[in-house]
Number of protein chains: 2
Amino acid sequence: MKGRPDSSPFVRLFGRFLREQGLPVTHQREAVAEVVFGSGEHLSVDEIERVLRSDGQHIGKATIYRALDLLVRSKLVAELDFGEGFKRYEHRLSADPIHEHLICLNCNAVTEFQSDEVHRIEAMVSARHGFRPTRHKLEIYGLCQECTVAGVEVTPEGLTCPIETV
Amino acid sequence: MKGRPDSSPFVRLFGRFLREQGLPVTHQREAVAEVVFGSGEHLSVDEIERVLRSDGQHIGKATIYRALDLLVRSKLVAELDFGEGFKRYEHRLSADPIHEHLICLNCNAVTEFQSDEVHRIEAMVSARHGFRPTRHKLEIYGLCQECTVAGVEVTPEGLTCPIETV
DNA sequence: GTCCATGCAAACCTTTTGCACTATA
DNA sequence: TATAGTGCAAAAGGTTTGCATGGAC
C-alpha cells in the first residue's frame with residue numbers, strides 16, 4: 001500500500017454494503033476501493049488503473065468502471081465532473097463530508113472548501129420552488145494563487161460590449 | 001421562425017463578434033445562433049439539429065458544433081453540463097444573465113433561480129484562497145414539485161448507516 | 001452447484017478532425 | 001480571388017455491453 005493512508009475501515013464498509021446487497025466481495029472490488037479510499041485526490045479511471053498497475057495488479061477498465069458504479073451507489077464515493085471530458089471519483093468519508101470546489105482554469109488544480117451558506121441557499125431556494133433537494137454542487141472556476149503569481153492571464157475573447165447594441 | 005421569440009438582436013450581436021474576429025458571417029452560423037437565441041431552453045446539439053431540420057435547414061453536426069464553439073467564445077452562449085453525457089447550450093443575454101439551476105433527478109426538468117448570496121460566497125471564498133474567480137456554477141439536484149406531488153420517491157440505496165462501524 | 005464477476009474486445013455516444021468542395025468578403 | 005467554412009465520413013476518447021471463462025458463497 002506504499003505509504004498511502006489506511007483505507008481499510010472504508011474498504012470494510014464497502015464490503016458490508018456489498019453483503020447487504022447480496023453481492024460478492026471480490027478481490028478486484030476491494031482493490032479499487034482501496035485505491036479510491038487511500039487517496040485524497042479526485043481520481044480519474046486512468047489514474048486508478050495506473051495506481052493498481054504500480055501495485056502489480058492488472059484489473060480491466062470495465063471492472064474498474066463496474067466497481068466504481070457500486071462505490072457510488074453505496075454513497076461512499078462521489079462522482080465528479082469538472083468538464084474535462086471524463087469523470088473523477090473521491091471518497092466521501094473524510095473529515096469534510098460535503099464540500100465545494102475551486103477549479104483553476106489554467107493548471108486544473110482543485111481546492112476544496114466548505115460553506116454553510118450554500119446549505120442555507122439550498123434550503124431556501126428549494127422551499128421557494130417546492131423542490132426536494134438531495135444534493136448540490138458548487139464550483140468556482142478561475143485562476144488559482146500559483147497561476148496568478150506566475151503571471152498567467154485569462155484572455156477574454158468575447159464581445160467588447162455585448163449589451164450596447166441590443 | 002415558428003413563433004419563437006425574436007432572436008435577431010442577438011444574432012446581430014453574434015455577427016458583430018464574428019466580424020470583430022475577422023471571421024465570415026455564414027448562413028449556418030446565423031441559423032444555429034437563431035435557434036439558440038430563440039429558445040428559452042437548455043438545448044442539446046441533437047435538439048438544435050432537430051429544430052433546424054424542422055425549419056427545413058440541413059446543417060451538419062460538425063458545423064453545429066463549430067458554430068456553438070464560436071457562440072461560447074463570444075460569451076453570448078453558455079455551455080452547460082448536467083451530467084447527462086452530453087452538453088447543453090443556453091443564451092446568456094436574457095433578463096437573468098447569471099443564474100443557477102435546480103435539476104430534477106426524476107424528470108430532468110431544470111428550473112432557474114438567482115442568488116446574490118452565491119456571489120458573496122464566490123467573493124469571500126476566493127479572497128480566502130487567493131483565487132481569482134471568473135465564473136461559478138451552483139446546481140441543486142433533487143425532486144421537483146411535480147414529481148413530488150406525483151408520489152415519486154428517491155430510492156436511497158447506500159449503506160444504512162455508513163459511519164457507525166468505522 | 002448456482003450465481004455473479006471478470007476480462008477482453010467490440011459497441012456505443014458524443015465530440016473532433018481530415019479533406020474535397022463551396023461560399024464569404 | 002484568397003481565405004475560411006461546410007459537409008461528409010472517419011477518428012477519437014470515455015464509457016458500456018456481450019460473452020465465454022473463472023471465482024465467490
Side-chain angles (χ1 to χ4, degrees), chain A residues 11-12 14-36 42-50 52-53 55-74 77-89 108, chain B residues 11-12 14-36 42-50 52-53 55-74 77-89 108:
Chain A
V11 177
R12 279 198 297 276
F14 182 48
R16 193 181 114 194
F17 168 78
L18 291 172
R19 266 176 250 111
E20 277 183 4
Q21 304 282 316
L23 299 173
V25 178
T26 65
H27 189 6
Q28 288 90 337
R29 283 170 180 176
E30 290 188 314
V32 173
E34 247 166 44
V35 172
V36 177
H42 311 97
L43 297 175
S44 67
V45 170
D46 265 2
E47 288 166 348
I48 293 170
E49 192 183 33
R50 214 170 302 137
L52 287 168
R53 237 175 260 273
D55 274 7
Q57 311 216 45
H58 283 231
I59 298 183
K61 263 207 174 69
T63 300
I64 297 176
Y65 276 106
R66 287 184 278 228
L68 286 170
D69 180 55
L70 290 166
L71 282 163
V72 170
R73 296 232 294 269
S74 78
V77 166
E79 190 180 78
L80 307 174
D81 187 342
F82 295 144
E84 299 166 295
F86 53 86
K87 304 273 171 56
R88 292 185 174 274
Y89 298 85
N108 294 315
Chain B
V11 177
R12 278 198 297 275
F14 181 47
R16 192 180 111 191
F17 168 79
L18 292 172
R19 266 175 249 113
E20 276 184 5
Q21 305 283 315
L23 300 173
V25 178
T26 66
H27 273 333
Q28 289 91 336
R29 285 170 179 174
E30 290 188 315
V32 172
E34 248 167 42
V35 172
V36 177
H42 311 96
L43 298 174
S44 67
V45 170
D46 265 2
E47 289 167 349
I48 293 170
E49 193 181 33
R50 213 171 305 136
L52 286 168
R53 237 175 260 274
D55 274 7
Q57 313 218 43
H58 283 231
I59 297 182
K61 263 204 173 71
T63 300
I64 297 176
Y65 277 105
R66 288 183 277 226
L68 286 170
D69 180 55
L70 290 167
L71 282 163
V72 170
R73 295 232 294 269
S74 78
V77 166
E79 189 181 76
L80 306 174
D81 187 341
F82 296 145
E84 299 166 293
F86 52 86
K87 304 273 171 54
R88 290 184 175 275
Y89 299 85
N108 295 317

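Below, chain A is the first sequence line, B the second, and so on; all start at residue 1. The structure presented is a predicted model; accordingly, all values stated were derived computationally and were not measured.
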Asker: Roughly how many Å is it from CZ in Arg66(B) to P in dT14(C), rounded to a whole number?
Answerer: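 Those two atoms, CZ and P, are 18 Å apart.
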Asker: Roughly how far apart are Arg73(B) CZ and Gln21(B) CD, rounded to 0.5 Å?
Answerer: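 These two atoms lie 7.0 Å from each other.
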Asker: How long is the span from the CZ atom in Arg53(B) to the CD1 atom in Ile48(B), to the nearest 0.5 Å?
Answerer: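 Reported value, rounded in 0.5 Å steps: 13.0 Å.
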Asker: Have a look at Phe86(A) and say if it touches a base, only the backbone sugar-phosphate, or nothing, with a 4.0 Å heavy-atom cut-off.
Answerer: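 Sugar-phosphate, backbone atoms only, no base.
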Asker: From C-beta outward on Lys61(B), which listed nucleotide comes closest to its side chain: dT15(C), dC25(D), dT15(D)?
Answerer: dT15(C)
Asker: Between Thr26(B) and dT6(D), does any side-chain N or O lie under 4.0 Å from OP1 or OP2?
Answerer: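 For dT6(D), OP1/OP2 do have a side-chain N/O of Thr26(B) under 4.0 Å.
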Asker: Give the rounded distance in Å between these two atoms: OH of Tyr89(A) and P of dG14(D).
Answerer: 12 Å
Asker: What's the CG-P distance between Leu70(A) and dA5(C), to the nearest Å?
Answerer: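 Taking atom P of dA5(C) as the reference, CG of Leu70(A) is at 7 Å.
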Asker: Could you pick out which residue, Ile64(B) or Arg19(A), lies toward the 5' side of DNA chain D when each is mapped onto its nearest nucleotide?
Answerer: Ile64(B)
Asker: Find the distance Asp69(B):CG to dT15(C):P and express it as a whole number of Å.
Answerer: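 About 12 Å, once rounded to whole Å.
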Asker: Have a look at His58(B) and say if it touches a base, only the backbone sugar-phosphate, or nothing, with a 4.0 Å heavy-atom cut-off.
Answerer: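 The residue His58(B) makes sugar-phosphate contact but no base contact.
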Asker: Counting only side-chain nitrogens and oxygens, does Arg29(B) get under 4.0 Å of the OP1 or OP2 atom of dG5(D)?
Answerer: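 Indeed, a polar side-chain atom of Arg29(B) lies that close.
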